[in-house]
Amino acid sequence: MKSNNNTEKLYKAILSLKNENECKKFLRDLLTEAEIKEFTNRWKVAQMLDEKVQYDVIAKETGMSSTTIARISKWLNNGMGGYKLMLKRLKNNSNKNHHHTPLAAV
């Protein structure tokens, strides 16, 4: 995807978010609830594909079509590497937090 100046500004805005709450506020202002749900489902599909879950199970759980699941699979395996980067990073962070950080009181 070719970036232009406005796209670069959006990337910088996202990178400047400091925590989950800021991210939630920014994305809710930027996107509709339906768009957030769509992005959430795409991310869920990518995670499930990474876990080798079958397409029919993914479709049933997320409501996404097999065509959309196949498209996400294509990007997961042959895209720019963004899905794999984040899946790996979140797994690494989860492992670090799981083994070294005490659970916070709820």
Side-chain angles (χ1 to χ4, degrees):
M1 180 173 130
K2 187 177 178 181
S3 296
N4 64 34
N5 192 36
N6 290 326
T7 306
E8 296 295 329
K9 287 179 182 178
L10 175 61
Y11 296 158
K12 287 179 182 176
I14 291 169
L15 287 170
S16 72
L17 297 168
K18 298 199 183 330
N19 56 49
E20 187 176 335
N21 190 47
E22 286 185 4
C23 183
K24 196 179 298 184
K25 288 177 179 180
F26 180 70
L27 291 179
R28 184 54 191 98
D29 285 348
L30 182 66
L31 305 167
T32 66
E33 286 183 31
E35 290 167 330
I36 292 171
K37 184 177 180 184
E38 177 73 16
F39 285 2
T40 300
N41 281 336
R42 287 180 185 211
W43 180 236
K44 176 73 174 172
V45 169
Q47 292 172 82
M48 293 175 82
L49 287 167
D50 188 58
E51 295 167 4
K52 310 296 186 220
V53 176
Q54 297 294 315
Y55 276 36
D56 59 331
V57 175
I58 296 171
K60 187 174 183 178
E61 189 169 322
T62 65
M64 301 291 260
S65 71
S66 59
T67 303
T68 300
I69 295 167
R71 189 178 318 119
I72 294 167
S73 179
K74 177 183 171 188
W75 282 102
L76 176 64
N77 295 305
N78 302 306
M80 304 274 299
Y83 279 136
K84 288 194 183 232
L85 172 71
M86 293 313 303
L87 288 164
K88 182 179 179 182
R89 184 169 296 159
L90 291 175
K91 280 180 192 174
N92 288 342
N93 287 343
S94 176
N95 289 339
K96 287 178 188 174
N97 291 338
H98 179 70
H99 296 295
H100 302 292
T101 304
L103 293 174
V106 177

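This structure is a prediction, so every number in the text was calculated from the model and none was measured. Excluded from the calculations below are hydrogen atoms, water molecules and symmetry mates; all remaining heavy atoms, backbone and side chain alike, are included.
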Item to complete: Check whether any side-chain N or O of Glu22 sits under 3.5 Å from a backbone N or O of Lys18 as a donor-acceptor pair, and report yes or no.
Response: yes
Practice prompt. Please check if the side chain of Arg28 supplies one atom and the backbone of Leu31 the other of a donor-acceptor pair under 3.5 Å.
Written response: yes
Worksheet entry | Cationic N near anionic O, under 4.0 Å, Lys91 to Asp50 | yes
Worksheet item: Should the pair Lys37-Glu33 be classified as a salt bridge under the 4.0 Å nitrogen-to-oxygen rule?
Response: no
Cluster link [X] to [Y], ILVMFWY, side chain under 4.5 Å:
X     : Y     : value
Phe39 : Leu10 : yes
Met86 : Met48 : yes
Leu15 : Leu90 : no
Leu30 : Leu17 : yes

Between [Y] and [X], is there a side-chain heavy-atom distance shorter than 4.5 Å?
X     : Y     : answer
Lys44 : Met64 : no
Ile72 : Ile58 : no
Thr32 : Ile36 : no
Tyr83 : Lys88 : no

Mind checking the [atom1]-[atom2] spacing from [X] to [Y]? Nearest 0.5 Å is all I need.
X     : Y     : atom1 : atom2 : answer
Cys23 : Ile14 : SG    : CD1   : 8.0 Å
Asn92 : Leu87 : CG    : CG    : 11.0 Å
Lys12 : Thr7  : NZ    : OG1   : 12.0 Å

Worksheet entry | Exercise: identify the closest heavy-atom pair between Ala70 and Tyr55 | CA-OH, 3.6 Å
Near [X] [atom1], under 6.0 Å, is it more than 12 heavy atoms from other residues, nucleotides or ligands?
X     : atom1 : value
Phe26 : CZ    : yes
Trp43 : CH2   : yes
Gln54 : CD    : no

